[in-house]
Amino acid sequence: MDDNDERVVFNDEEAAFLRHARFGELPPRVLPDELVELHETDPRPVRPDNQLDDTDWRYP
């Protein structure tokens with residue numbers, strides 16, 4: 001760093017204004033009643049939907 005680098009320190013009100021100017025207004029808070037439980041599942045197997053028999057279609 002150069003000796004001429006000066007750090008600018010903002011008070012709480014100035015920092016709040018700059019944060020609002022950069023990111024905008026926060027979205028409304030999500031209430032616990034609005035939360036949804038997720039159920040993780042395995043991905044579908046990679047095979048064509050039009051497969052007519054159980055042979056492995058990847059190998060001739």
Side-chain angles (χ1 to χ4, degrees):
M1 275 201 208
D2 295 339
D3 291 331
N4 295 337
D5 280 348
E6 293 183 23
R7 301 282 177 190
V8 177
V9 179
F10 297 106
N11 64 27
D12 290 344
E13 187 176 315
E14 292 170 333
F17 171 75
L18 292 173
R19 192 170 35 254
H20 184 274
R22 181 173 181 188
F23 299 110
E25 190 172 339
L26 292 175
R29 184 172 178 239
V30 177
L31 300 175
D33 295 344
E34 297 172 346
L35 296 177
V36 177
E37 184 177 344
L38 297 178
H39 298 280
E40 297 292 329
T41 60
D42 292 333
R44 292 180 56 189
V46 179
R47 57 187 260 196
D49 292 337
N50 60 359
Q51 186 173 357
L52 299 175
D53 61 306
D54 291 336
T55 59
D56 193 353
W57 60 273
R58 293 175 289 188
Y59 303 107

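These numbers come from a predicted model, not from an experiment.
Within 6.0 Å of the CD atom in Glu13, the count of heavy atoms belonging to other residues, nucleotides or ligands does not exceed 12. The number of heavy atoms from other shown groups lying within 6.0 Å of CG (Asp12) does not exceed 12.
Grouped with Phe17 in one hydrophobic cluster are Val8, Phe10, Leu18, the linkage being side-chain heavy-atom contacts under 4.5 Å among Ile, Leu, Val, Met, Phe, Trp and Tyr residues. Other residues sharing the hydrophobic cluster of Val30, ordered by chain and number and joined by side-chain separations under 4.5 Å: Leu35.
Residues Glu34 and Arg29 approach most closely at OE1-O, 4.2 Å, considering heavy atoms.
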